[in-house]
J.: 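Can you read through this structure? Questions will come right after.
Order of appearance sets the numbers: ligands from 1, and atoms from 1 within every ligand.
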Amino acid sequence: MHQKTQLQAETIRLISGTNTRKCMKCGKCTASCPAFAEMDISPHKFVSMVEHGEIDKLMASKSIWKCMSCFACVERCPRGVEPASIIEAVRQTVIRKQNNNYLRPENIPELLDPKIPQQALVSAFRKYSK
Ligand code: SF4
Ligand code: SF4
């Protein structure tokens, strides 16, 4: 693997606190993912692409914006790999690279629906702000 891609993959493992090498490619994470149909790269494939250093493709993927941070994949993974944390790490890397928050606190009140669960708001902040 090229040194740059190796470093990128190692950084994603570090940020996510997850060891992608433990993945046994069982696909349980993808089978339990409610956003799977919307994703261009499924959760188990996401893990395997980090393992192969394909971070640029992951950073350009739709999946990082489709993941709802529900952690169903984390619950189901028999190896403690945490695909959600890996997706989050790639998403954060993209946002930091853009150096620009997608969602700003001052925009929140006008977007707010009182019926939105607080968990969804926290998830949105994690997803769209650095
Ligand atoms: S955290 Fe993301 S990848 Fe994992 S099951 Fe939920 S939507 Fe799918
Ligand atoms: S559930 Fe865990 S071990 Fe199975 S494919 Fe997904 S990340 Fe890999």
J.: Going by the atom numbers of ligand 1, which of them fall below 4.0 Å from some non-hydrogen atom of A84?
T.: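 Within the 4.0 Å cut-off of A84, ligand 1 contributes 1 (S).
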
J.: Within a distance under 4.0 Å of any heavy atom of M68, pick out the atoms of ligand 1 and give their elements.
T.: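 The atoms of ligand 1 under 4.0 Å from a heavy atom of M68 are 2 (Fe), 7 (S).
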
J.: At less than 4.0 angstrom from any non-hydrogen atom of C33, what atoms of ligand 1 do you find?
T.: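 Taking each heavy atom of C33 in turn, ligand 1 has 3 (S), 5 (S), 7 (S), 8 (Fe) under 4.0 Å.
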
J.: Check this for me: does any side-chain nitrogen of one of R76 and E82 sit under 4.0 Å from a carboxylate oxygen of the other?
T.: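 So R76 does not pair with E82 through a salt bridge.
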
J.: Does the side chain of R13 pick up a donor-acceptor pair with the side chain of T18 at under 3.5 Å?
T.: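 Side chains of R13 and T18: no pair found under 3.5 Å.
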
J.: For atom 2 (Fe) of ligand 1, grab the closest protein heavy atom and report residue, atom and distance to one decimal in Å.
T.: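 Sorting protein heavy atoms by distance from atom 2 (Fe) of ligand 1 puts C67 SG, 2.3 Å first.
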
J.: Side chain, backbone, both or neither: which part of I87 has a heavy atom under 4.0 Å from ligand 1?
T.: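 It is the side chain that touches ligand 1; the backbone stays farther off.
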
J.: For atom 6 (Fe) of ligand 1, which protein heavy atom lies nearest, and how many Å away is it?
T.: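 Heavy-atom neighbour on the protein nearest atom 6 (Fe) of ligand 1: C70 SG, 2.3 Å.
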
J.: Which atoms of ligand 1 have any heavy atom of P43 under 4.0 Å away?
T.: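 Those atoms are 3 (S).
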
J.: Just by distance, no angles: are the side chains of R91 and S69 close enough, under 3.5 Å, to form a donor-acceptor pair?
T.: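 Looking only at side-chain atoms, S69 and R91 do form a donor-acceptor pair, the distance falling under 3.5 Å.
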
J.: Applying the side chain to side chain donor-acceptor pair (under 3.5 Å) test to T20, which of R79, E51, H52 qualifies?
T.: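 Testing T20 for a side chain to side chain donor-acceptor pair (under 3.5 Å) against R79, E51, H52 leaves exactly one candidate, E51.
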
J.: Hey, mind stepping through K45 and D40 against salt bridge (charged side-chain N to carboxylate O under 4.0 Å, His left out) and telling me if it holds?
T.: CA-CA 10 Å; K45 181 87 178 144; D40 51 353; over 6 Å; no

J.: Please identify which atoms of ligand 1 are closer than 4.0 Å to at least one heavy atom of P34.
T.: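 With P34 as reference, the close atoms of ligand 1 come out as 5 (S).
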
J.: Kindly indicate whether the side chain of S85, heavy atoms from C-beta on, has any atom under 4.5 Å from the side chain of F71.
T.: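 When only atoms from C-beta onward are counted, F71 and S85 do touch, with a gap below 4.5 Å.
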
J.: Going by chain and residue number, what protein N/O/S atoms come nearer than 2.8 Å to atom 4 (Fe) of ligand 2?
T.: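 Metal shell, protein only: C26 SG.
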
J.: Find the distance between SG (C73) and NE2 (H44) and round it off to the nearest 0.5 Å.
T.: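 Interatomic distance, C73 SG to H44 NE2, rounded to 0.5 Å: 12.5 Å.
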
J.: Quick one: closest heavy-atom pair of V90 and I64, and the distance?
T.: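 Closest pair (atom of V90, atom of I64, distance): CG1-CG2, 3.8 Å.
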
J.: State the CE-NZ distance between M39 and K66, to the nearest 0.5 angstrom.
T.: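 These two atoms lie 9.5 Å from each other.
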
J.: Give the atoms of ligand 2, by number and element, whose distance to some non-hydrogen atom of P83 is under 4.0 Å.
T.: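 So the answer, numbered in order with elements, is 7 (S).
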
J.: Using the rule given for side-chain contact (heavy atoms from CB on, under 4.5 Å), can you reason through L58 versus I87, listing the C-alpha separation, both sets of side-chain angles and the distance that settles it, and then say yes or no?
T.: CA-CA 9 Å; L58 296 178; I87 294 173; over 6 Å; no

J.: I'd like to check which ligand 1 atoms, numbered from 1 as shown, lie under 4.0 Å from a non-hydrogen atom of F71.
T.: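 With F71 as reference, the close atoms of ligand 1 come out as 1 (S), 6 (Fe).
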
J.: N/O/S atom of C73 under 2.8 Å from atom 8 (Fe) of ligand 1, yes or no?
T.: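 Not a single backbone or side-chain N, O or S atom of C73 is under 2.8 Å from atom 8 (Fe) of ligand 1.
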
J.: Using only heavy-atom distances, determine whether the side chains of E88 and Q92 contain a donor-acceptor pair under 3.5 Å.
T.: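 Yes, side-chain donor-acceptor contact under 3.5 Å.
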
